[in-house]
Amino acid sequence: MIKDFFLAEIEKAIDKAIKAEKLGAMTEYVHGGLAIERPKNPEFGDFAVNVSSLARAARIAPPAIANAIVEQLGSNQYSVAGGFINFKTNKVMLSEVASEIFEEQKNYGKPQRIDAEKIMLEYVSANPTGPFHIGHGRWAAMGSVLANLLKFYGHEVYQEFYINDAGSQIEKLGRSLEIRIRQELGECIDFPTDEIERKNFYPGEYLIPTAKKFIEVYDMTTYKPVDLTDLCDFAKAEMEAQQKELLKNFGVHFDNFYSELALHKSGRVDKCIEELCKSGKIYDNDGAKWFKSSDYGDEQDRVIKKADGSNTYLTADIAYHIDKLERGYDRLINIWGADHHGYVARVKASIEALGYDPCKLEILLGQLVNLVINGEEVRMGKRKNMVTLDELIDEVGVDATRFWMSMRNIDTTLDFDIELAKTNSDENPVFYVQYAHARACSILRNAISEKIDTQTGKKSPAPLTQSEYDSIPKVSILPTVDTARQLILKLEEYKSVIKNSAEQRQVYTICRYVQELASEFHSFYNQNRVISEDKELMLSRLALVMAVKIVLCNALEDILGISAPERM
RNA sequence: GUGCUUGUAGCUCAGCUGGAUAGAGUGUCACUCUCCGAAGGUGAAGGUCGUGGGUUCGAAUCCCACCAAGCACACCA
């Protein structure tokens, strides 16, 4: 990376300046204390480093420090402004960026060496009691993008969906299906109207098709009592199948679906309670067993076994996380909705109590999604207003949904404006970026297509022959104009974007980057004609266009999981 | 009441471990198609960084208090 090169040069110069006693009271510089940044105003240069932080140790003014360091560098590439050292990259370095892109192709931006980890990424993890709502869409999109990103960065990533298929909710689902079946068979029956009673059912209409299917499978003409477990199993299987189908269509891949019910049946949950008992952190109170999670920073202790002898949801969750750790993962990353934040402390506490390092568990808490329809916020959660993820994707498409769900920092509430996401216009960032890619493809097509004048019908030969076109990657780019320089620097930035995004688990920075790159490219396009009489210049510019196309395509398809269309 | 998250331009959001004149997009207004896709580009206007203190040479950024919004505070899952 160009940044790393400059940082190393400057750090060397600081060491030299200290030896020459040019940095006042400073006797030692610990490497890594400074960072290279892009100046806010490009007139200052391509990169900058702020040395003001050394002022305290040196006890001299920042500009004097900067000058002392630049003196040691002995190059006119560097200039000083206040506490900043600014510098421009030379043409050779810029040209190398493009060569690197052509060499690496799909791997451009992948770091050479990282401490690779075996990561378990768990996300979505919904109840199989109904269709996904748009909130699930955010976790699905962000999770799959994060998985792509971490894999690309060099980690080994395993994606898992924890199915909450145990507990009382499943019985609710079964009983709700029964009502729908009896309705279908002509019985005059409905869900309770009393609000509290109604909470024991899922009155959404989505169970009607399932009821019809059930009637067909069981060949019923009138309702005969069916075992509740059969009803539950049928409904559950149907909901799970629907959810899996949707995930597939949404471009979200899971390596495994882990059943909570199977976890209970395997005896792992009971074993986990035993282990906790051995740790001495369990006590009895009011007939229930409590886990002393407050010893590990939780606000209060938690029930692990109820007075009626059954386990709580937490108990299974503890067992599940221990199971993940036993499967040998270095790191567990979970994406949870912010409404589950209370669980973080207790799950971490259990991990620690059972002798594992709680730092291995990273929980990304995501704020929820608000739907904006015609400029008005529609609150989710109220069942009657619920918009399902299915409906949303039908309305705006997979690409736009994935992009919009990923484009914001996870800890801000996301406003999803349906009307905006639907428009194929400049208001929509997805189309803006895809358009840039299509435009790059179009230029490359034109470079080897013969041109037909629409007025005269005269044909003129293609600007380049196929073999000339194939040699483009070997061409060295001539960053003669400023827009080209800026574009190349933006391409170079991709490497740091990938690094920061992967290390901080911040997916939205990729979305931002891709918009910025598209913007630089559109700007370049408008100021420079790519296909021209000057062949050397044309080849150089085509090489730049090709480099942009590669990076845009990599970011869109491989990381964001969004199509990079060649035509629109 | 307690905890977590958020408060930056009309709107939606960036702003990296404190540092250059607080940045984008969108909306508004003005330019811009003889030429590779105008689904584009260029420019202008628009901000007491929720409020008040504090730390610092220097604060949108760190600390404290307050105000406002969202979420969570089960022997539900």
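These numbers were taken from a predicted model, which means no experiment stands behind them. Lettering follows sequence order; numbering is per chain, from 1.
For the pair Thr412(A) and Thr312(A), nearest-nucleotide mapping onto RNA chain B gives the more 5' position to Thr412(A). Heavy-atom distances to RNA chain B give each of Ala518(A) and Asn500(A) a nearest nucleotide, and the one nearer the 5′ end belongs to Asn500(A).
Taking the ring centroids of Phe521(A) and His437(A), they lie at or beyond the 6.0 Å cut-off. Here the two rings, on His31(A) and Tyr29(A), have centers that are under 6.0 Å apart.
Atom-to-atom, CG of Leu365(A) to C1' of U5(B) comes out at 9 Å; the value is rounded to the nearest Å. Taking atom CZ of Phe521(A) as the reference point, atom P of U42(B) lies 14 Å away to the nearest angstrom. Remark: P of C33(B) and CD of Gln527(A) are 15 Å apart, rounded to the nearest angstrom. With rounding to whole Å, Arg541(A) atom CZ is found 19 Å from C35(B) atom P. The CD1 atom of Ile510(A) sits 15 Å away from the C1' atom of A14(B) (whole-angstrom rounding). With rounding to whole Å, Arg38(A) atom CZ is found 14 Å from A24(B) atom P. What separates CG of Asn428(A) from C1' of G40(B) is a distance of 15 Å, to the nearest Å. Remark: P of C36(B) and CE of Met546(A) are 20 Å apart, rounded to the nearest angstrom.
Heavy atoms of Ser442(A) sit under 4.0 angstrom from at least one base atom. Within the nucleic acid shown, Thr413(A) comes within 4.0 Å of sugar-phosphate atoms alone, with no base atom in reach, counting heavy atoms only. Ala166(A) comes within 4.0 angstrom of sugar-phosphate atoms only, judged by non-hydrogen atoms across all strands, and of no base.
Using N1 to N3 plus N6-O4 or O6-N4 for Watson-Crick, or N1-O2 and O6-N3 for G-U wobble, each under 3.5 Å, C62(B) pairs with G54(B). The partner of A44(B) is U28(B), by the rule that a Watson-Crick or G-U pair needs both atom distances under 3.5 Å. The partner of A14(B) is absent, by the rule that a Watson-Crick or G-U pair needs both atom distances under 3.5 Å. If you check C35(B) for Watson-Crick or wobble pairing at under 3.5 angstrom, you find it has no partner at all. Pairing partner, C4(B): G70(B), with both Watson-Crick or wobble hydrogen-bond distances short of 3.5 Å.
Checking U5(B), G23(B), C36(B) against the side-chain heavy atoms of Arg512(A) singles out G23(B) as nearest. Among the nucleotides C4(B), G40(B), A77(B), the one closest to the side chain of His522(A) is G40(B).
Applying the 4.0 Å criterion to OP1 and OP2 of A77(B), one finds that Lys306(A) has a side-chain N or O inside that range. Between Tyr508(A) and the phosphate of G15(B), there is a side-chain N or O to OP1/OP2 separation shorter than 4.0 Å. Close to G41(B), at under 4.0 Å from its OP1 or OP2, lies a side-chain N or O of Tyr432(A).
For C71(B), the base adopts the anti conformation, since its glycosidic angle falls more than 90 degrees from zero.
A donor N or O paired with an acceptor N or O is found under 3.5 Å between the base of A77(B) and the side-chain atoms of Tyr343(A). Side-chain to base pairing of Asp165(A) with A77(B): no donor and acceptor N or O lie closer than 3.5 Å to each other. A donor-acceptor contact under 3.5 Å links the side chain of Arg529(A) to the base of C35(B).
Per the stacking criterion (ring centres < 5.5 Å, plane angle < 30°), Phe84(A) stacks onto the base of A20(B).
Ion pairing of Lys292(A) with Asp298(A) is absent here, as no side-chain N (NZ or NE/NH1/NH2) approaches a carboxylate O to less than 4.0 Å. The pair Asp46(A)-Arg38(A) does not meet the salt-bridge criterion, since no charged nitrogen lies less than 4.0 angstrom from a carboxylate oxygen. Ionic pairing of Glu37(A) and Lys3(A) is not present here: no N-O contact between side-chain nitrogen and carboxylate oxygen is shorter than 4.0 angstrom. With salt bridges taken as basic N to acidic carboxylate O contacts below 4.0 Å, none links Lys236(A) and Glu240(A). At a threshold of 4.0 Å, the pair Glu195(A)-Lys199(A) does not count as salt-bridged, since none of the basic side-chain nitrogens sits closer than that to a carboxylate oxygen.
Between G23(B) and G47(B), the two P atoms lie 14 Å apart (nearest whole Å). A24(B) sits 15 Å from G15(B) when the P atoms are compared, rounded to a whole Å. Nucleotides G1(B) and C57(B), compared at atom C1', are 42 Å apart to the nearest Å.
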